[in-house]
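Every chain is numbered from 1 and lettered A, B, ... according to where its sequence line falls, protein lines coming before strand lines.
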There are 2 protein chains.
Amino acid sequence: MADDIAAARRSGASASSERPLDMAGLENTLGFRLRLAQQYVFRDFVTRFSAIEINPVLYSALILIEKNRRCRQSELAMALGVQQPNLVDRIDSLVQRGLVSRTPDPQDRRANVLMLTATGKGFMVGLHAIHDQHTAHLKRQLGEDEYAVLIGLLDKLR
Amino acid sequence: MADDIAAARRSGASASSERPLDMAGLENTLGFRLRLAQQYVFRDFVTRFSAIEINPVLYSALILIEKNRRCRQSELAMALGVQQPNLVDRIDSLVQRGLVSRTPDPQDRRANVLMLTATGKGFMVGLHAIHDQHTAHLKRQLGEDEYAVLIGLLDKLR
DNA sequence: TATTGTTATACTCTATAACTATA
DNA sequence: TATAGTTATAGAGTATAACAATA
């Protein structure tokens, strides 16, 4: 009988015949919720930043380079939660775009020191403005207080 | 001067010379926090489920097939947040392992109906047990109440 | 004409081993 | 001997177009 109802829903009026599935078994599954929430947030992020060709990892990298003088690639990789080799091409792209300088550290010539260029500092103004709009959108979705609570709870996971 | 302190930290006693970067500029960035939290949760998930060769998407698929009689691939794809073509190989693997049956729907022979096999139903017992341990670990990390709060806030993002 | 499932494909992200130059 | 950055590569996840069978 329940199958008949489901079948009736399937052949309903609307073109797309998908019924929403019963998600009860996943109500308690944090990883599933995290994946869907990240999908939503990243989609909004990517849309807003597409005009300046910045994705979430490049954004985080630029912010950390801005706030940390004489930042190294190994430090950046650890902070971002990515492997060093996967950072190389991304830094390359920032250097080629003239946003970041990569110079050998005179104190340890194995290491590269990353800094914003003058162009990069100018670029950050627009970057912060777009991110403010992105954050405002998410805060409207959640409420200002709950946004802060969510960030706090996510930080407890490590 | 601040650079001297950073340099001193870099050449400190410990083998790994990485200083922790100042993350202040990302305190407010939800996408970044979501990514790190998901990294942590998925790593724990993958470790615990590796013995039975189940990853997060396969887990969610099995749960939804278990709870939804006569589930279709298109419905599953929408619920899981993946594209239909990316589900095909995954369902293949569950069918090949004898956990799921995929049979044409007599009412609409374009569609496949997914159901747990007898083997699959037995498999779910162990699956639930491992997931309970995984969830217990996360609740210890967060606290029982805050775990529920976190799930609720993540659900508001859509 | 539209939809379900499928194939093929391309792009991104991620993880690891091995190389180089420095230390 | 160990570390910073790099190269090359393999695996997984993801998105899109096009096709066959069916509606």
Side-chain (K139(B)) to main-chain (E144(B)) donor-acceptor, under 3.5 angstrom: no
So, is [X] near the phosphate of [N], with a side-chain N or O under 4.0 Å from OP1 or OP2?
X	N	value
S74(A)	dT3(D)	no
R109(B)	dA20(D)	no
R90(A)	dT6(D)	no
R110(A)	dA2(D)	no
R43(B)	dT14(C)	no
Q84(B)	dT7(C)	no

Euclidean distance, atom [atom1] of residue [X] to atom [atom2] of [N] [Å, nearest integer]:
X	N	atom1	atom2	answer
N112(A)	dT20(C)	CG	P	18 Å
Q73(A)	dT6(D)	CD	C1'	9 Å
L80(A)	dA15(C)	CG	P	13 Å
L114(A)	dA4(D)	CG	P	14 Å
Q107(B)	dA21(D)	CD	P	23 Å
M78(B)	dA15(D)	CE	P	13 Å
D89(A)	dT14(C)	CG	P	13 Å
Q83(B)	dT7(C)	CD	C1'	15 Å

Whether Y59(A) and H131(A) hold their rings parallel, tilted or perpendicular, with breakpoints at 30° and 60°: parallel
Criterion side chain to side chain donor-acceptor pair (under 3.5 Å) against D44(A), the qualifying member of Q141(A), H134(A), Q39(A): H134(A)
V88(A), nearest nucleotide to its side chain (from dT7(C), dT7(D), dT14(D)): dT7(D)
Nucleotide nearest P85(B) (side chain, heavy atoms from C-beta), chosen from dA8(D), dA17(D), dA23(C): dA17(D)
Residue mapping more 5' on DNA chain D - nearest nucleotide basis, R102(A) or Q39(A): R102(A)
base_contact_polar (dA15(C) base, N86(A) side chain, donor-acceptor, <3.5 Å): yes
Closest non-hydrogen atom pair between L157(B) and A37(A), with its separation: CD1-CB, 4.1 Å
Single-linkage hydrophobic cluster L153(A)~F32(A), side-chain heavy atoms < 4.5 angstrom: no
